[in-house]
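Just below is one structure, and these are the notes that go with it.
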Amino acid sequence: MKAVELKNGVHWVGAIDWAVRDFHGYATPRGTTYNNYLVMDDEITLVDTVKYDFSDITIKNIKSVVDPSRIRNVVINHIENDHATSLDKIMELAPGATIYISEKGRTGLGRFFDTSRWTLKVVKTGDTLSIGKRTLLFVETPMVHWPDSMMTYIKEEKILLSQDGFGQHIASAVRFDDEFVTCESLSELEDAVVDYYANILMPFGQLIKAKAAEIEKLGLEIEMIAPDHGIIWRADPGKVLRMYREMANGKAALSVPIIYDTMWQSTEKMSLPIMQGIKDEGVECKVIKLRASPMSIAIKEFWKSRGCLVGTPTLNNIMYPTVAEFLTHLRGLRPKNRVMGAFGSFGWGGGAVKEAYEEFKRMGLETFEPGLQILFRPSLEDETTCYDFGRAFAKKVKEYHARF
Ligand code: FEO
């Protein structure tokens with residue numbers, strides 16, 4: 001690998017992680033990249049580093065452009081391990097460099113490294129740094145998605161180095177959107193954006209809207225968006241901006257995933273006539289078994305759809321553990337504007353469906369009640385009840401969807 005030039009003197013010097021399939025618990029079937037950028041100017045500036053395991057690769061890529069000892073500034077947009085853990089290796093090669101970072105970033109960085117060795121300058125939204133012919137403008141983006149997060153805008157090149165924002169977990173031999181849609185497809189790229197937003201940014205929709213308005217006020221003209229993961233938006237940066245605006249406003253499709261688990265296939269057996277009822281009501285439906293699918297896929301399918309049905313057997317009077325795990329994970333993502341329902345089989349006492357509804361209400365989500373419980377194995381007659389339940393749920397989802 002070697003550096004890839006984005007525009008005159010601005011280079012991608014990151015690393016491609018083709019092998020990662022579990023990114024702190026988030027499934028990454030397409031792998032990912034750790035992007036960082038080198039700006040060649042009177043003061044050579046590196047924006048972000050990469051995950052520690054890939055530090056030799058970014059150093060090699062930097063060396064393909066310039067001797068790293070000539071780096072004068074290092075901007076740390078985000079301190080999470082996948083972006084900042086190569087910093088000490090970079091600083092060994094460029095010991096005189098000044099680090100530019102947000103206040104929260106400065107505090108956090110001190111928990112990972114002995115920062116007393118380095119010169120750190122704290123920056124905030126609107127601060128600029130002249131590096132010669134170019135000016136860097138810093139924009140703090142706290143909680144999008146960590147307290148320290150910020151973005152760096154290169155004024156003269158109209159490039160937004162957007163850190164995690166607008167990224168996707170995609171490993172690819174190509175770096176840019178126009179190349180990717182040619183060799184892979186636009187729908188794959190869009191799917192990766194939705195997947196990333198659902199699993200990382202879902203809780204921050206209101207903050208994203210507020211930040212977008214603030215950036216609009218700054219009047220930044222954006223010709224390219226270069227995130228720290230995945231594909232760089234050069235042909236159509238407006239595409240990902242529109243997608244973010246829509247998702248932050250709660251966009252969802254008229255569809256329903258059935259997300260379930262099963263002990264002895266009874267809850268599973270219920271899911272199929274329910275699916276048929278949903279489909280016959282004209283609503284798209286997918287069926288996802290939790291033990292057979294990564295959690296992040298279930299989260300993405302939940303996020304894409306206006307409604308969601310959760311299927312859980314009762315185990316010891318409570319929800320099946322994988323379903324409880326899914327709902328706990330979902331609660332942390334603070335979902336909004338979705339209709340929820342639950343079903344499942346039970347043996348002696350029941351209780352899982354009731355508990356699922358308690359969890360939906362804790363999340364403040366719209367519910368379709370009552371849920372559906374079947375004793376032991378669903379009979380043929382019960383299958384008709386399941387079908388009717390699916391149709392009735394889909395009707396409710398259609399009514400609710402019309403409000404948006
Ligand atoms: Fe890609 Fe928040 O780290």
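Atom set for the values below is all heavy atoms of this structure, side chains included, hydrogens, waters and symmetry mates excluded. Residues take their numbers from the sequence shown, with the count starting at 1. Both counts, for ligands and for their atoms, begin at 1 and track the order of listing.
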Task: Min side-chain heavy-atom separation Ile159-Ile222 under 4.5 Å - done: no
- [ ] With atom 2 (Fe) of ligand 1 as the centre, enumerate protein N/O/S atoms below 2.8 Å in chain and residue order.
- [x] His78 NE2, Glu80 OE1, His145 NE2, Asp164 OD2
Task: Counterpart residues, side-chain contact (heavy atoms from CB on, under 4.5 Å), relative to Asp382 (two or more places apart) - done: Ile374, Pro378, Ser379
- [ ] Look at Glu214 together with Lys211 and state whether they make a salt bridge at an N to O cut-off of under 4.0 Å.
- [x] yes
Task: Single hit among Asp177, Ile225, Leu186 for side chain to side chain contact (heavy atoms under 4.5 Å, CB included) with Lys239 - done: Leu186
Task: Contact list for residues 197-206, test side-chain hydrogen bond (donor to acceptor under 3.5 Å, both in side chains), sequence neighbours left out - done: none
Task: Sequence-distant partners of Asp41, side-chain hydrogen bond (donor to acceptor under 3.5 Å, both in side chains), two or more places apart - done: Arg134
